[in-house]
*Asks:* 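The structure's right below; bear with me while I get my questions together.
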Amino acid sequence: MPIRLYNTLTQKVEDFAPASDNTVRMYACGPTVYNFAHIGNLRTFTFQDILRRWLRARGMETLHVMNITDVDDKIIRTAVQQGVSIFDYTKPYEAAFLEDMATLRLQRPEKVVRATDHIGEMVSLIQSLTEKGITYESDGSIYYRIAKFPEYGKLSHNDFGGMIAGARVDVDEYEKENARDFVLWKNKKEGEPSWDTPIGDGRPGWHIECSAMAMKYLGETLDIHAGGVDLTFPHHENEIAQSEAVTGKPFARFWIHGEHLIVEGQKMSKSLGNYYTLRDVLQMGYQPEAVRYLLASVPYRNKLNFTFDGLKAAVTSIERLRNFELRLKTDKFPEGSNADADKRTAESLARFEEAMDDDLNTANALGVLFEFIRETNTAMDSGGFNAANVAPVVALLARFDEVFDILKPTVAEGGLTDEAIDALAAERVAAKKARDFARADAIRAELLEQGIILEDTKEGTRWKRKA
RNA sequence: GGCGCGGUAGCCAAGUGGUAAGGCAAGGGUCUGCAAAACCCUCACUCGUCGGUUCGAUCCCGACCCGCGCCUCCA
C-alpha cells in the first residue's frame, strides 16, 4: 500500500508519491524568529519531522526546504525599539530555534533558508507578476490584485467572488483596491530597514518570500507544501496566487496542514499563563523525548491537548518501551526459534507500517506496538520466545524508532557515564553477594539520585536511565 | 454570516455497518534480602442528544445541543 496523505487542496486522503524520480520536494513554512519557539510551534515542526522521516523510511529521498522568516513587522518594530539591526535581533533566536530542533531530535531539513538572503528572488518574482499585469502600485507599495486570479480561494475553500466588488480601504496607511488584495512589496518607512531594488526602496511582504524560495530550490511544482493550519489562509492561498499566476502550473501537489496544540484545554496565550517554550518545559525536569513523544503521539490533523498529566503519561510510556528493549537485549532466551513469535513480529511490523502509511496515524501505530510488546512479554514469560526470535524484534523496534526516535535517552551534561554506572552497579552486586545490604542499598540510592534505576532480574542486575 | 474540525471510560486516544485498539491513572497478582523496578490480570452492555435507514449503527442520513479553528498577524 502506498502512503496516503490528506490534501487540503482536494479535502481528500490521497495516495502519495513524488512526481518525478524518487525525491520528495517539500517546502515547510518555518518560524518567524522574533522570539523563542513555543511548544505549539514545535508541534508543527514535529509533525513535519514525522512526515519527512516516514517518507524516508519508505525509501524516498527528501529535498526538504524550510524558511526562516527574519524580516517582518514585528521583528522590525522590536529591533527599532531596541536600537539594534534586525540581523542582530533575529540571530540569537534563529540559533535558539535550530538548537531546539536538535534537542527535540527534529531532523535538519536539507535546506534551511533565510528570507533576507533571497530579496533578489522575491524582486524578480514581483517583476514577473507586474509584467503579467497582476500588480498595482499605491503609495510606493506594490499589491497583488486578486481579481486577476480567478482561482483565488481554492485552497481555503472560500468563495471570494462576491467580495471583489466591495472595495474598501484598509485600516493601515496603505491604500488597497480590494480588501483582500495583499502587499508584495512595502514602501520604505523612515527609520526602518529597507532594500534598494529595481522595484523601489522597501521590503518584501510576508507571502512572497515563500513563493520565491520554494520555487528557487524546488522548482515550479512542489510535491508537498506543509505548515500549520492557520497558514492555510491567507498565507498559503496567497502563495498559490503568486506562484501560479507566474508559472501557470500548480504550485504544490499536496498541501498538508498540521493542527494546533492547545494547553490544558485552552488556547495557549501569554495572558492565560499557559505559554510554554521548550526551554520552560525542560527546566521543569522533563526530558526532550517526553515532549517529542507527546507531540508525535496524537495524529497531526487532530488538535493536541498539551497537559502535564499527558507529559507524565508520555514519560511512563517511553519507559515501558525502553524496558521492553532492555529486556530484549539483556534476557537470556532459550536456543532455537518459535514460529508464533516470528509471525507476531512480522504481523506487527506490517500493521505498524500500515498505520503510518494511513496519513501518519501515529496513535494507531503506537497501539500496534504496545499490543505487540504486551504479547511478547507474555510469550517471554511462558517460554514462547527464543534466541532466534530476537533479531526481527530488534528490527521492528528500529523501524519504530526511525520515526519516533525516543528510545535512546538524552544523557545530561556532567552526568554519570555508562562506564561509571557499570562500575557502581558491579560494586553493589559484590556487596549484595557479601550480604552487605547497607552498602548495596546506599549505592542503589546514590544512583537513583542521578536518575539511574537498578533492576535485579533472574539474569542479574541491569540499569537504565529514567525517562 | 461563510468555510472547516471535533464531542469514545477518571485523563489522552485509535477505530469499524456486525457488536469498542492502545497509553496513563486505579485495583489485584507474580517476582524479590527488603525495596525499587519489571511483568501479568482486571478496568466503556457503551461511543453528545433525539429521530431515520438497516436483520443489525458508535460508525450511514437528518435535526438538535456543546466545544473549537479560520475568515486580521499567528505553527
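Chain naming here is simple, since letters A, B, ... match the order of the sequence lines and numbering starts at 1 in each.
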*Asks:* Check the phosphate of B:A36 against A:K466, side-chain N and O only, distance under 4.0 Å to OP1 or OP2. Yes or no?
*Replies:* no

*Asks:* OP1 or OP2 of B:G2 versus the side-chain N and O atoms of A:N158: is any pair under 4.0 Å?
*Replies:*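 Result: no.
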
*Asks:* If you take all heavy atoms of A:H207 and A:H235, which pair is closest and at what distance?
*Replies:*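 Nearest heavy atoms, A:H207 then A:H235: ND1-ND1, 2.9 Å.
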
*Asks:* Pairing check on B:G18: which nucleotide meets the Watson-Crick or G-U wobble criteria with it, both distances under 3.5 Å?
*Replies:*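 Its partner is B:C55 (Watson-Crick or G-U wobble, both distances under 3.5 Å).
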
*Asks:* Once you apply a heavy-atom cut-off of 4.0 Å, does A:T232 come out as touching a base, just sugar-phosphate, or nothing?
*Replies:*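 Touches nothing.
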
*Asks:* Residues two or more places apart in sequence or in another chain: which of them pass side-chain hydrogen bond (donor to acceptor under 3.5 Å, both in side chains) with A:T316?
*Replies:*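 Residues passing side-chain hydrogen bond (donor to acceptor under 3.5 Å, both in side chains) with A:T316: none at all.
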
*Asks:* To the nearest Å, give me how far apart CG (A:L326) and C1' (B:C39) are.
*Replies:* 13 Å

*Asks:* Once side-chain contact (heavy atoms from CB on, under 4.5 Å) is applied, do any residues pair with A:D418, and if so which ones, sequence neighbours excluded?
*Replies:*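 With sequence neighbours excluded, A:D418 shows a side-chain contact (heavy atoms from CB on, under 4.5 Å) to A:W463, A:R465, given in chain and number order.
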
*Asks:* Run the salt bridge (charged side-chain N to carboxylate O under 4.0 Å, His left out) test on A:D49 and A:R292 for me, step by step, so that the C-alpha distance in whole Å, both residues' side-chain angles and the decisive distance to 0.1 Å come before the verdict.
*Replies:* CA-CA 10 Å; A:D49 182 64; A:R292 179 177 170 88; 2.9 Å; yes

*Asks:* Sort me out a list of protein N/O and nucleotides 12-14 of chain B N/O pairs below 3.5 Å, or just none if empty.
*Replies:*
from: B:A14; atom 1: OP1; to: A:N302; atom 2: OD1; distance (Å): 2.5
from: B:A14; atom 1: O3'; to: A:N361; atom 2: ND2; distance (Å): 2.9

*Asks:* Quick one: list whatever passes side-chain contact (heavy atoms from CB on, under 4.5 Å) with A:S297, sequence neighbours left out.
*Replies:* A:Y293, A:L294, A:L366

*Asks:* With rounding to whole Å, what would you report as the distance between B:U58 and B:A14 at their C1' atoms?
*Replies:*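 To the nearest whole Å, 13 Å.
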
*Asks:* Which nucleotide, if any, forms a Watson-Crick or G-U wobble pair with B:C50, using both distances under 3.5 Å?
*Replies:*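 Here B:C50 is engaged in a pair, and the nucleotide opposite it is B:G62.
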
*Asks:* Enumerate donor-acceptor pairs with a distance under 3.5 Å from any side-chain N or O in residues 369-377 of chain A to protein atoms, sequence neighbours excluded.
*Replies:*
from: A:T376; atom 1: OG1; to: A:F372; atom 2: O; distance (Å): 2.8
from: A:N377; atom 1: OD1; to: A:R327; atom 2: NH1; distance (Å): 2.9
from: A:N377; atom 1: ND2; to: A:I373; atom 2: O; distance (Å): 3.3

*Asks:* Could you tell me which nucleotide pairs with B:G67 by Watson-Crick or G-U wobble geometry, both distances under 3.5 Å, or answer none if nothing does?
*Replies:*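 Checking every strand shown, B:G67 finds its partner in B:C5, with both distances under 3.5 Å.
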
*Asks:* Answer yes when A:E289 and A:R105 have at least one side-chain N-carboxylate O distance shorter than 4.0 Å, and no when they do not.
*Replies:*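 Looking at A:E289 and A:R105, the cut-off is met.
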
*Asks:* Give A:H257 one of three labels, base, sugar-phosphate or nothing, depending on what nucleic acid heavy atoms sit under 4.0 Å from its own.
*Replies:*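 Result for A:H257 = nothing.
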
*Asks:* For A:V394, give me all partners under side-chain contact (heavy atoms from CB on, under 4.5 Å), at least two apart in sequence or on another chain.
*Replies:*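 If we apply the side-chain contact (heavy atoms from CB on, under 4.5 Å) test to A:V394, skipping adjacent residues, the hits are A:L328, A:V390.
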
*Asks:* Atom CZ of A:R301 to atom C1' of B:G15: distance rounded to whole Å?
*Replies:* 14 Å

*Asks:* Using Watson-Crick or G-U wobble geometry with both distances under 3.5 Å, which nucleotide pairs with B:C39?
*Replies:* B:G29

*Asks:* By nearest nucleotide on RNA chain B, pick out whichever of A:H260 and A:E371 is the more 5' one.
*Replies:*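 So the residue in question is A:E371.
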
*Asks:* Rounded to the nearest angstrom, tell me the gap between atom NE2 in A:H236 and atom P in B:C70.
*Replies:*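 My rounded result for the distance is 15 Å.
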
*Asks:* Among residues at least two apart in sequence or on other chains, which ones pass side-chain hydrogen bond (donor to acceptor under 3.5 Å, both in side chains) with A:D357?
*Replies:*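 So A:D357 forms a side-chain hydrogen bond (donor to acceptor under 3.5 Å, both in side chains) with A:W54, A:R58.
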
*Asks:* For each nucleotide in nucleotides 24-34 of chain B, reading 5' to 3', give B when a protein heavy atom comes within less than 4.0 Å of its base, S when such contact involves only the sugar-phosphate, and - otherwise.
*Replies:* SS-------BB

*Asks:* Can you tell me if A:R180 touches the phosphate of B:U72, counting only side-chain N or O atoms and a distance under 4.0 Å to OP1 or OP2?
*Replies:* yes

*Asks:* How far, in whole Å, is B:G6 from B:C59 if one measures between their P atoms?
*Replies:* 14 Å

*Asks:* Could you check how far CD of A:E354 sits from C1' of B:G15, rounded to whole Å?
*Replies:*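 Answer to the nearest Å: 13 Å.
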
*Asks:* Between B:A57 and B:U8, how many Å separate the two C1' atoms, rounded to a whole number?
*Replies:* 14 Å

*Asks:* Let me know the distance between CZ of A:R374 and C1' of B:U42, rounded to the nearest Å.
*Replies:*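 So the CZ-C1' distance, A:R374 to B:U42, works out to 12 Å.
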
*Asks:* Can you tell me how far C1' of B:C70 sits from CG of A:N238, to the nearest Å?
*Replies:*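 Atom CG in A:N238 sits about 14 Å away from atom C1' in B:C70.
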
*Asks:* Provide, to the nearest angstrom, the distance between the CG atom belonging to A:N323 and the P atom belonging to B:G23.
*Replies:* 14 Å

*Asks:* Mind checking A:L454 for me? I need base, sugar-phosphate or nothing, with any heavy atom below 4.0 Å counting as a touch.
*Replies:*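 Base contact - A:L454 has a heavy atom under 4.0 Å of at least one base atom.
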
*Asks:* Return whichever of A:V368 or A:Q48 has its heavy-atom-nearest nucleotide of RNA chain B closer to the 5' end.
*Replies:* A:V368

*Asks:* Roughly, in whole Å, what's the span from NZ in A:K12 to P in B:C5?
*Replies:*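 Those two atoms, NZ and P, are 12 Å apart.
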
*Asks:* What contact category does A:G228 fall into here, base, sugar-phosphate, or nothing, at under 4.0 angstrom with non-hydrogen atoms?
*Replies:* sugar-phosphate

*Asks:* Is any side-chain N of the basic residue among A:D401 and A:K408 closer than 4.0 Å to the acidic one's carboxylate O?
*Replies:* no

*Asks:* With sequence neighbours excluded, tell me which residues meet side-chain contact (heavy atoms from CB on, under 4.5 Å) with A:D358.
*Replies:*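 By the side-chain contact (heavy atoms from CB on, under 4.5 Å) rule, A:D358 matches A:R4, A:N361.
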
*Asks:* For B:A38, does either OP1 or OP2 sit under 4.0 Å from a side-chain N or O belonging to A:N377?
*Replies:*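 Checking B:A38 against A:N377, no side-chain N or O comes under 4.0 Å of OP1 or OP2.
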
*Asks:* If you check the A:D230 side chain, which of B:A75, B:C40, B:C71 turns out closest?
*Replies:* B:A75

